[in-house]
Amino acid sequence: MTAPMPVRPPEPPEKPPPATGPGATAPAAPEQRRPSRLLAPLRETGKLFALAVAVARAIFRRPFQVREFIEQFWFVASVTILPAALVSIPFGAVIALQVGSLTQQLGAQSFTGGASVLAVIQQASPIIVALLISGAAGSAICADLGSRKIREELDAMEVMGVSPIQRLVVPRVLATMLVAVLLNGLISVVGTLGGYFFNVIMQDGTPGAYLASFSALAQLPDLYISEFKALIFGFIAGIVAAYRGLNPRGGPKGVGDAVNQSVVITFMLLFFVNMVLTAIYLQIVPAKGS
């Protein structure tokens, strides 16, 4: 007997070659998945934190740009010192008048000085610093870096082996941090003097009671947390301004949009961080006399 012959499976039909005539249509390209718009804020947040980590690492690397740091420090200080002094006076006056009115209603007018000074040092002074640094200095930093980006200066620096972060971003961030700490001390002093003047002159308070209540309620950690807030706020303002300046979209118009976005984002972050730091401080540091 002979073995049965194997049966070959039917061959698949050959695909016709793509048409190349004038009326032929091109084959459909494989569909690509577009990134979800819901994840865009998370990606931007991750890039912002990555830039913050890169700047923190580059601070301790050499060479340090001393000349750039001095120039940026002088620029940031020159555009914020006078507005800070002028803004701190009405802030201290409003707080002193409001607290003084409330303490009069409660029959505790002798504690007006301590309450108003603590409000100025712990809350008003760092907030004023944050607003001025992000609004005046941060917008200028963002516009400067954004204009360099659209002129392809930063790309040229990377081609030459120069890190834009170490060369441009680090001096600006350090300048904003140092100016923020110094401005916080200036605003605390001017705001306290303004509150003293309005409480004693306009609300018929006694200078002795104002100073006695301040020494009875205030303590040194109150100044420490105020300076620490100013340092953190200066770092956040510098990082956000640098990030938006390094990533403009749409040419010169995109630079203007990036400046507006940097100010708004900085304000939102600063108020949130201020709330967190205040809550932690009040839980860790006990009140004086408790």
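Everything numeric here is computed off the predicted structure, so don't read it as measured data.
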Straight-line distance of [X] [atom1] to [Y] [atom2], nearest 0.5 Å:
X      : Y      : atom1 : atom2 : result
Leu277 : Phe228 : CG    : CZ    : 6.0 Å
Ile121 : Ile225 : CD1   : CD1   : 13.0 Å
Phe235 : Ile59  : CZ    : CD1   : 6.0 Å
Gln65  : Leu168 : CD    : CG    : 8.0 Å
Gln166 : Arg62  : CD    : CZ    : 11.5 Å
Ser226 : Leu118 : OG    : CG    : 11.0 Å

If you compare all heavy atoms of [X] against all heavy atoms of [Y], which two are closest, and at what distance to 0.1 Å?
X      : Y      : answer
Ile128 : Ser88  : CD1-CA, 4.1 Å
Thr80  : Ala136 : CG2-CB, 4.2 Å
Arg61  : Arg57  : CG-O, 3.6 Å
Pro126 : Val120 : CD-O, 4.4 Å
Ala241 : Gly138 : CB-O, 3.2 Å
Ala52  : Ile239 : CA-CD1, 3.9 Å

Shared ILVMFWY cluster between [X] and [Y], side chains joined below 4.5 angstrom?
X      : Y      : answer
Ile232 : Ile280 : yes
Leu154 : Ile150 : no
Leu82  : Phe73  : no
Phe233 : Leu223 : no
Ile236 : Phe49  : no

Can a donor-acceptor pair be found between the side chains of Thr278 and Lys229 at a distance below 3.5 Å? yes

Given a cutoff of under 4.5 Å between side-chain heavy atoms of I, L, V, M, F, W and Y, with clusters grown through shared members, what are the other residues clustered with Leu131? Ile127, Val263, Phe267, Phe271

For the pair Asp155 and Val159, evaluate side-chain contact (heavy atoms from CB on, under 4.5 Å) and give the outcome as yes or no after the intermediate values. CA-CA 6 Å; Asp155 298 335; Val159 170; 5.5 Å; no

Heavy atoms of other groups near Glu158 CD, more than 12 under 6.0 Å: yes

Given side chains that start at C-beta, do those of Tyr243 and Ile265 come closer than 4.5 Å, heavy atoms only? no

Does the side chain of Arg244 come within less than 4.5 Å of Leu145's, by heavy atoms? no

Can Val240 and Gln261 be said to form a side-chain contact (heavy atoms from CB on, under 4.5 Å), step by step? CA-CA 9 Å; Val240 174; Gln261 293 172 6; over 6 Å; no

Working for side-chain contact (heavy atoms from CB on, under 4.5 Å), residues Ile165 and Leu51: CA-CA 9 Å; Ile165 293 179; Leu51 178 62; 3.9 Å; yes

Answer yes or no: is there a donor N or O on one side and an acceptor on the other, between the side chain of Tyr281 and the main chain of Asp222, under 3.5 Å? yes

